[in-house]
Amino acid sequence: MPDESTIANNLEAVNQRIANACDRAGRNPEDVLLLAVSKTKPAEVVQLAVDAGHTAFGENRVQEGVAKVPVLPSHLDWHLIGPLQRNKIRKALPLFGTIHTVESVENATQIDRIAAEEGLFPRVFLQVNIAGEATKHGFTEDTLRREMETLLGLDRLQIEGLMIIPPFTPEPEDARQHFVQLRELRQQLQDEFGVWFEELSMGMSHDFEVAIEEGATIVRVGTAIFGKRA
Ligand SMILES: *Cc1c(COP(=O)(O)O)cnc(C)c1O
């Protein structure tokens, strides 16, 4: 298990890199949320990040949220960043205030219905399969345009913006085109549908600086904070 100073130092280093990327892009670091991705890490390790002053955490499996959220301080802000299957929605909504992975109209409709039954208004992101990869979840740009009116009619969902997991490229610079693509898609949707999508959830440990230069408002960083996963 890492010690407290390791996690605190890692958080400080990542925050410094975020500040530098914001500087290069002429952005305010307060407009970028660092989501610390704690998947596979035990609650004791998450607590070290809490002790260092961090409050926003991401998990990719509902079951891990079930185990960790209740045993950690109640003021933390939990985000689900993995797929949300139908049979897990009721369990997930009270644990995670933000869902980054709404991947289809069917998925969105189910979340909306259960949110209504539970009296909740979850913040959500629409996940975009930006490169049309067969193995990835999410809306294609075309389906998103076609289904936007339906999505906007789901009044329990607070649609905050768009999210991507771009194809992995060893060179972070090669992901830039996908970050640009997502930002441009947001602009087109805003123009076409008269909506305002504040957030772009994009960028992970190896490419978050490039993502920030292209407008990311939430970066999802695991390894650079908590170390490698088993
Ligand atoms: C695991 C994960 C991350 C964090 O990845 P790192 O490379 O460890 O920073 C970000 N986003 C999603 C969707 C993930 O599943």
Side-chain angles (χ1 to χ4, degrees), residues 1-2 6-7 9-18 21 32-43 45-46 48-49 52 54-65 67-69 76-85 88 92 95-104 107 111 122-131 133 135-139 160-176 178-179 181-182 199-230:
M1 183 165 139
T6 304
I7 301 287
N9 291 342
N10 289 350
L11 275 166
E12 196 180 312
V14 171
N15 276 316
Q16 188 56 55
R17 288 166 64 190
I18 290 172
V32 179
L33 174 69
L34 171 58
L35 187 67
V37 176
S38 49
K39 65 188 185 194
T40 78
K41 304 294 177 184
V45 173
V46 183
L48 297 178
H54 203 76
T55 56
F57 295 93
E59 290 286 340
N60 70 331
R61 293 177 62 242
V62 175
Q63 272 322 112
E64 276 198 63
K68 285 182 221 176
V69 175
L76 303 182
D77 176 21
W78 290 97
H79 295 226
L80 183 70
I81 61 169
L84 180 50
Q85 282 140 13
K88 300 268 172 63
L95 297 171
F96 297 97
T98 308
I99 312 286
H100 286 236
T101 47
V102 173
E103 59 179 87
S104 65
N107 191 215
I111 296 170
R123 291 184 292 273
V124 303
F125 286 76
L126 305 173
Q127 182 173 351
V128 182
N129 186 352
I130 203 84
E133 295 170 279
T135 54
K136 289 256 170 80
H137 297 265
F139 296 87
E160 305 267 298
L162 307 178
M163 177 269 205
I164 49 167
I165 308 171
F168 179 79
T169 53
E171 270 305 314
E173 195 54 43
D174 294 336
R176 186 181 298 275
H178 300 297
F179 299 141
Q181 222 178 324
L182 195 69
E199 310 282 351
L200 292 176
S201 168
M202 58 188 195
M204 303 169 36
S205 287
H206 78 294
D207 58 11
F208 69 87
E209 287 145 306
V210 178
I212 287 170
E213 288 169 15
E214 299 304 339
T217 63
I218 302 192
V219 291
R220 310 177 308 261
V221 177
T223 311
I225 296 169
F226 294 109
K228 282 202 168 22
R229 289 175 294 271

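All values below were derived from every heavy atom in this structure, side-chain atoms included, with hydrogens, water molecules and symmetry-related copies excluded. As the structure lists them, so they are numbered: ligands from 1, and atoms in each ligand from 1. Please read these numbers as outputs of a predicted model, since none were measured by experiment.
- Per-residue contacts place Arg220 under 4.0 angstrom from the following atoms of ligand 1 (heavy atoms of the residue considered): 4 (C), 9 (O), 10 (C), 11 (N), 12 (C), 13 (C).
- Residue, atom and distance of the protein heavy atom nearest to atom 1 (C) of ligand 1 are Lys39 NZ, 1.4 Å.
- With rounding to the nearest 0.5 Å, the separation of CD1 in Ile130 from CZ in Phe139 is 13.0 Å.
- Across all non-hydrogen atoms, the minimal contact from Glu64 to Thr40 is OE1-N, 2.9 Å.
- The protein atom (non-hydrogen) at minimum distance from atom 9 (O) of ligand 1 is Ser205 OG, 2.6 Å.
- The CG atom of Leu11 sits 5.0 Å away from atom CD1 of Ile225, with the distance rounded to the nearest 0.5 Å.
- For ligand 1 and Gly222, the ligand atoms under 4.0 Å from any heavy atom of the residue are 4 (C), 6 (P), 8 (O), 9 (O).
- Nearest non-hydrogen protein atom to atom 13 (C) of ligand 1 is Ile81 O, 3.4 Å.
- Side-chain contact between Ile164 and Phe179 is present, with at least one heavy-atom pair separated by less than 4.5 Å.
- What sits closest to atom 5 (O) of ligand 1 on the protein, heavy atoms only, is Met204 CE, 3.5 Å.
- Counting atoms of ligand 1 from 1 in the listed order, those under 4.0 Å from a heavy atom of Thr223 are 6 (P), 7 (O), 8 (O), 9 (O).
- Heavy atoms of His100 found under 4.0 angstrom from ligand 1: none, in either backbone or side chain.
- Each of the following atoms of ligand 1 lies closer than 4.0 Å to a heavy atom of Val221: 9 (O).
- Residues Leu33 and Thr217 are not in side-chain contact: their nearest non-hydrogen atoms beyond the backbone lie 4.5 Å or more apart.
- Proximity of His206 to ligand 1, defined as any heavy-atom pair under 4.0 Å, is not found for any part of the residue.
- Below 30°, between 30° and 60°, or above 60°: for Phe125 and His100 the angle between ring planes is below 30°, a parallel geometry.
- Counting atoms of ligand 1 from 1 in the listed order, those under 4.0 Å from a heavy atom of Ile165 are 13 (C).
- Side-chain atoms of Gln127 and Thr101 form no donor-acceptor pair, as typed in the model, at a separation below 3.5 Å.
- Nearest heavy-atom pair across Ile7 and Pro2 is CD1-CG, 3.9 Å.
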